[in-house]
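Worksheet: one structure, shown below.
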Amino acid sequence: VQQASQAAHDQTSGGDGRSGSRELLVDLHGIPRGRLAAELERSLRAAVRSGRLRRGARLPSTRTLAADLGVSRSVVVQAYEQLGAEGYLTTRPGAVARVSDIAPAPARADPAGGAARCGPGAGSPAATVEVDLRPGSPNLSSLPRGEWATAVRRALATMTDAELGYGDSRGLPRLREALADYLGRVRGAIVDPDRLVVVNGFAQGLVVVVRVLRERGATAVGVEDPGSIHITTHLAAQGVDIRPVPVDDEGVDVGRLEPRAGPPPVAVLVTPAHQFPTGAVLSPARRLRLVEWAERHDALVIEDDYDAEYRYDHQAVGALQGVAPDRVVLGGSVSKTLAPGLRLGWLAVPAALADDTARHKAAIDLMAPVLEQAALAELITSGSYERHIRRSRAVYKRRRDLAVEVIADRLPDAEVRGASAGLHLVVMTPSVDEEGAVERAAARLGVGVVGLGRHRHSPGPPGFVLGYGHLTDDQLRRALRRFAAAVGDVRSGRRS
Ligand SMILES: Cc1ncc(COP(=O)(O)O)c(C=O)c1O
């Protein structure tokens with residue numbers, strides 16, 4: 001028996017002495033030393049989410065698992081601790097670690113906890129979180145409910161019987177006209193209502209575009225690195241290969257779209273107006289080069305315009321689509337302007353993709369719900385939508401100023417980046433070399449924070465992505481002070 005198990009062990013062992021745990025289906029072979037704990041965390045999280053590890057399931061002791069994987073015990077201890085702080089595991093000194101009762105259930109049983117969920121709380125229940133600095137949500141309490149109710153009433157009163165039937169999969173003509181007009185005026189986009197498809201948020205829009213591309217033989221899509229892990233996960237779930245492209249202060253580094261080996265991707269997903277998560281704005285030179293790259297390779301740029309309405313210090317940057325409407329798919333939604341739960345978004349597509357896009361939208365769910373579409377058309381044409389955005393922009397700008405002020409006061413050696421737009425900013429913390437330790441320390445203080453590393457495909461300097469739009473001034477101040485305290489705790493722990 002011993003020989004057989006040694007043989008099995010030898011088979012799974014790599015040249016680095018690391019191997020796999022058959023029991024947990026974790027394999028750390030080939031993972032660089034500095035990423036072992038993060039990779040183990042990721043694997044265990046995935047095992048819980050997929051249902052392979054059920055609530056209450058017992059995990060191997062840290063010593064056993066470390067021996068099984070051929071890593072030091074501290075790697076396993078660190079991973080268990082992190083998953084404990086996130087609410088996935090219950091860990092107590094001397095007791096066996098178990099999958100906690102509040103761990104996310106498998107996607108089948110917990111539709112709200114899907115891998116692609118964005119926003120505070122995404123992917124981590126962190127039961128102890130009192131105030132959440134994780135980004136992704138607008139201020140939900142500022143949804144203009146009265147104006148929305150008026151728009152719904154008007155929509156109901158004016159909708160024809162025919163409009164209540166199965167209609168055009170691209171969406172209600174009156175909404176497409178209102179959106180084409182709005183996107184042209186406010187985002188500088190060139191939109192023909194016939195080439196606009198109303199979708200259930202950008203997330204669904206991405207699925208539709210990828211299906212169109214796959215049908216045409218595409219196998220790989222470029223994504224920004226760092227880039228939204230939720231959106232990337234969602235994209236990968238559609239069966240395309242992900243090709244990370246580095247991002248710097250000027251946005252995505254277009255020169256790196258050409259791989260050293262193999263063919264370049266046929267499409268690249270970018271956030272030009274306010275890069276997620278770094279907050280960089282794609283520079284004019286890079287915008288030009290990106291369009292040239294797409295022309296040269298007959299490729300497509302997918303523009304995620306997710307929070308472009310909020311720009312505080314400079315004139316808004318127009319959508320890239322306005323420069324190259326035949327090369328760029330412009331995707332947007334009301335998730336950051338009204339509420340993500342409305343699930344209303346749009347795709348403005350090049351003429352050559354218009355029919356296929358409409359067909360794939362129909363194949364998924366026939367069309368978006370008509371009453372909400374009609375209500376949004378009302379809100380836009382009445383001017384309420386833009387008034388609401390103007391009001392919100394002023395509130396968010398004040399919160400942004402407050403956030404910058406508190407960070408400067410409490411973390412003088414930190415650098416704030418990407419704060420000129422959007423609903424989140426990035427704090428680079430050179431004095432902290434382990435983001436996970438700060439996440440855990442913040443969780444102990446009741447604050448949810450997320451390290452930049454979670455959105456990275458390759459290693460980079462430490463930092464945190466902090467959402468401020470959804471918090472009141474008081475909550476924001478409290479959360480940031482506690483975050484600063486968590487950074488301080490980790491720093492002084494390191495010194496001692
Ligand atoms: C970068 C990015 N794009 C888009 C979205 C929004 O997608 P949706 O319109 O489906 O709500 C999110 C979610 O927060 C996001 O982080």
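This is a predicted model, so every value here is computed, not measured. Numbers here are sequence positions counted from 1. First listed ligand is number 1; within each ligand, the first listed atom is number 1. Just the heavy atoms: all of them, side chains too, but no hydrogens, waters or symmetry mates, feed the values below.
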State the atoms of ligand 1, each with its element, that fall below the 4.0 Å cut-off from a heavy-atom position in [X].
X	result
F276	1 (C)
A203	8 (P), 10 (O)
G201	9 (O), 10 (O)
D304	1 (C), 2 (C), 3 (N), 4 (C)

Any side-chain donor paired with an acceptor under 3.5 Å for [X] and [Y]?
X	Y	result
T278	Q275	yes
S141	N139	yes
Q204	D365	yes

[X] versus ligand 1: do any nitrogen or oxygen atoms come within less than 3.5 Å of each other?
X	value
Y306	no
S335	yes
K336	yes

[X], portion touching ligand 1 at heavy-atom distance under 4.0 Å:
X	answer
F202	both
R343	side chain
H230	neither

> Between atom CD of E250 and atom CG of L282, what is the distance when rounded to the nearest 0.5 Å?
Replying inline: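 Nearest 0.5 Å value for the CD-CG distance: 8.5 Å.
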> Mind checking whether Y306 and F202 have ring centres under 6.0 Å apart?
Replying inline: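 Aromatic pair excluded; centres sit 6.0 Å or further apart.
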> Given the side-chain rings of F276 and H424, with only the six-membered ring counted for Trp, is the space between their centroids under 6.0 Å?
Replying inline: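 Yes - the distance between ring centres of F276 and H424 falls below the 6.0 Å cut-off.
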>> Can you tell me how the ring of Y312 sits relative to the ring of Y310, calling it parallel under 30°, perpendicular over 60° and tilted otherwise?
In response: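 Parallel: the ring planes of Y312 and Y310 meet at under 30°.
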